[in-house]
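Step one of this worksheet: look at the structure below.
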Amino acid sequence: MNIGIVGGGAVGLLLAAYLGRRHKVTVYTRRLSQARQLAECGVALKKEGKTTETAVQARPFAGTELVEPLVFVTVKQYDVADVCSQRDSFRRVGTIVFLQNGMSHLEQLSVFADKNIVVGVVEHGAFKLDDRTVAHTGAGKLTLAPFYGSPAAAAGLAGDREFPIEWADDWERILVDKLVVNAVINPLTALLQVKNGELLEVAPYRDMMAQLFDEVRRVLPLRDAGRAWERVVHICRNTADNYSSMYMDVANGRRTEIDAILGYVLKQGEARGVALPLVRFVYCALKGKEGGSRDG
């Protein structure tokens, strides 16, 4: 199968490394220099002290017409609008899979009303080392669900032991489950500048987790709050030695996805008339760390 991947970040490279073993993969990047390096050298995957390489094709995304029947969009949530603005590039694409944190980008996907749209969550730990190298730091799974239309070409994807792919019927449930995890773990690790595991190991940090979770659960459609909390703790423990993506964004002076995560939670609170003081405090703290707007 021919598969396109829009985005050359950690998630995009991780997908290319694994899907490229069975399929013909083209990575569409922001920069020409990255596309050239990937096309010439392939994707390098570092895992458990070993490095494997997978050949891929690559080209810049801007101004390019995508020809693959199945395309994954792996850019950060705040870059989805730019992808949607180039919808003419997707004229020949039948199925698009969006893999973003948060949920505030969903309303933008209506520009692809004539496509089959799938959304999903990536539960792997991945860290981009350079333009062609990704470290697989935590095993997980890729869960997909139809957003509208049908799975179409995506239904033919087959995972394996190292990169399992699962399907769900309820897209909202999988996105909300992931949003809760991201809303609790990512902002706190970025704010406190700690690894995921320290949130459980340091008692006051665990109290902060519980308080933040208590506010988040008030405005999100959770079927079982107890199960959701257990899931947060489980993922935090399983990724104890990892730095969250938001931690890495703050540490490297990059824009974070705080608007897509806690910003979305705040909007849900406003819509329901529910005050979320701790969520707002953490949100404002992270906006300040990423160089948020300043008066004067």
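Keep in mind the model is a prediction, meaning the values are calculated, not measured. Counting begins at 1 with the first residue of the sequence.
Counting non-hydrogen atoms of neighbouring residues, nucleotides and ligands closer than 6.0 angstrom, the CZ atom of R36 reaches no more than 12 such neighbours. By the neighbour-count criterion of 12 heavy atoms within 6.0 Å, atom CG of D160 is densely surrounded, having more than that number from other residues, nucleotides or ligands.
Relative orientation of the H105 and F98 rings is tilted, given thresholds of 30° and 60° on the angle between their planes. Taking the six-membered ring for Trp and thresholds of 30 and 60 degrees, F213 and W229 have ring planes inclined between 30 and 60 degrees apart.
The closest donor-acceptor contact from the side chain of T74 to the backbone of V6 lies under 3.5 Å. The main-chain N or O of N2 is never found under 3.5 Å from a side-chain atom of H23 such that the two would form a donor-acceptor pair. A side-chain donor-acceptor contact under 3.5 Å links T137 to the backbone of G125. Using modelled atom types, one side-chain atom of N116 and one backbone atom of S150 make a donor-acceptor pair closer than 3.5 Å. Without hydrogens or angle criteria, S244 side chain to T189 main chain gives no donor-acceptor distance under 3.5 Å. In this structure, the side chain of Q34 engages the main chain of G8 through a donor-acceptor pair within 3.5 Å. A distance-only check finds no donor-acceptor pair linking the side chain of E290 to the backbone of D249 [under 3.5 Å]. The backbone N or O of V122 lies less than 3.5 Å from a partner atom in the side chain of K178, making a donor-acceptor pair.
For the 3.5 Å distance criterion, the side chains of N101 and E257 qualify, holding a donor opposite an acceptor. Between the side chains of Q57 and Y28, not a single donor N or O lies within less than 3.5 Å of an accepting N or O. For the residue pair Q77 / S104, a side-chain donor-acceptor distance below 3.5 Å is found, with atom types taken as modelled.
Looking at residues two or more places apart in sequence or on another chain, you find a salt bridge (Lys or Arg N to Asp or Glu O under 4.0 Å) between R31 and D131. Contacts of R217 classified as salt bridge (Lys or Arg N to Asp or Glu O under 4.0 Å), with partners at least two apart in sequence or in another chain: D214. Not a single side-chain hydrogen bond (donor to acceptor under 3.5 Å, both in side chains) links D241 to another residue, sequence neighbours left out. In terms of the salt bridge (Lys or Arg N to Asp or Glu O under 4.0 Å) criterion, R161 has no residue partners (sequence neighbours excluded). Residues meeting the side-chain contact (heavy atoms from CB on, under 4.5 Å) test with D177, sequence neighbours left out: R173, R227, R231. Residues passing the side-chain hydrogen bond (donor to acceptor under 3.5 Å, both in side chains) test with D79 are R30, sequence neighbours excluded.
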List, one per line, each side-chain donor-acceptor pair under 3.5 Å for residues 263-274, sequence neighbours excluded.
unit_1, atom_1, unit_2, atom_2, d
Q268, OE1, R272, NH1, 2.8
E270, OE2, R280, NH2, 3.2
R272, NH1, Q268, O, 3.2

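Residue pairs meeting the salt bridge (Lys or Arg N to Asp or Glu O under 4.0 Å) criterion with at least one partner in residues 95-106, sequence neighbours excluded, do not occur; the list is empty. Residues in residues 39-50 take part in these salt bridge (Lys or Arg N to Asp or Glu O under 4.0 Å) pairs, two or more places apart or across chains: K47-E162. Listed by first and then second residue, the ring-ring contact (aromatic ring centres under 6.0 Å, His included) pairs that reach into residues 186-209 come to none, sequence neighbours excluded. Residue pairs meeting the salt bridge (Lys or Arg N to Asp or Glu O under 4.0 Å) criterion with at least one member in residues 188-200: none, sequence neighbours excluded.
Ion pairing of E166 with K141 is present here, as a side-chain N (NZ or NE/NH1/NH2) and a carboxylate O approach within less than 4.0 Å. Comment: E53 engages R132 in a salt bridge, judged by a side-chain N to carboxylate O separation of less than 4.0 angstrom.
Y243 belongs to a hydrophobic cluster with F127, L129, Y247, M248, counting contacts under 4.5 Å between side-chain heavy atoms of Ile, Leu, Val, Met, Phe, Trp and Tyr, direct or through other members.
For Y18 and H136, the ring centers are positioned less than 6.0 Å apart.
In this structure, R255 is positioned above the aromatic face of Y78, its NZ or CZ under 6.0 Å from the six-membered ring centre and within 45° of the axis.
Considering every non-hydrogen atom in both Q108 and V80, the closest pair reads OE1-C, 3.8 Å.
Separation of atoms OH (Y148) and NZ (K115) is listed at 10.5 Å; rounding is to 0.5 Å.
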Exercise for the section: For side-chain contact (heavy atoms from CB on, under 4.5 Å), just list the numbers for M1 and K24, CA-CA rounded to whole Å, side-chain angles, deciding distance to a tenth of an Å, and then say yes or no. Expected result: CA-CA 6 Å; M1 185 189 307; K24 181 180 178 181; over 6 Å; no
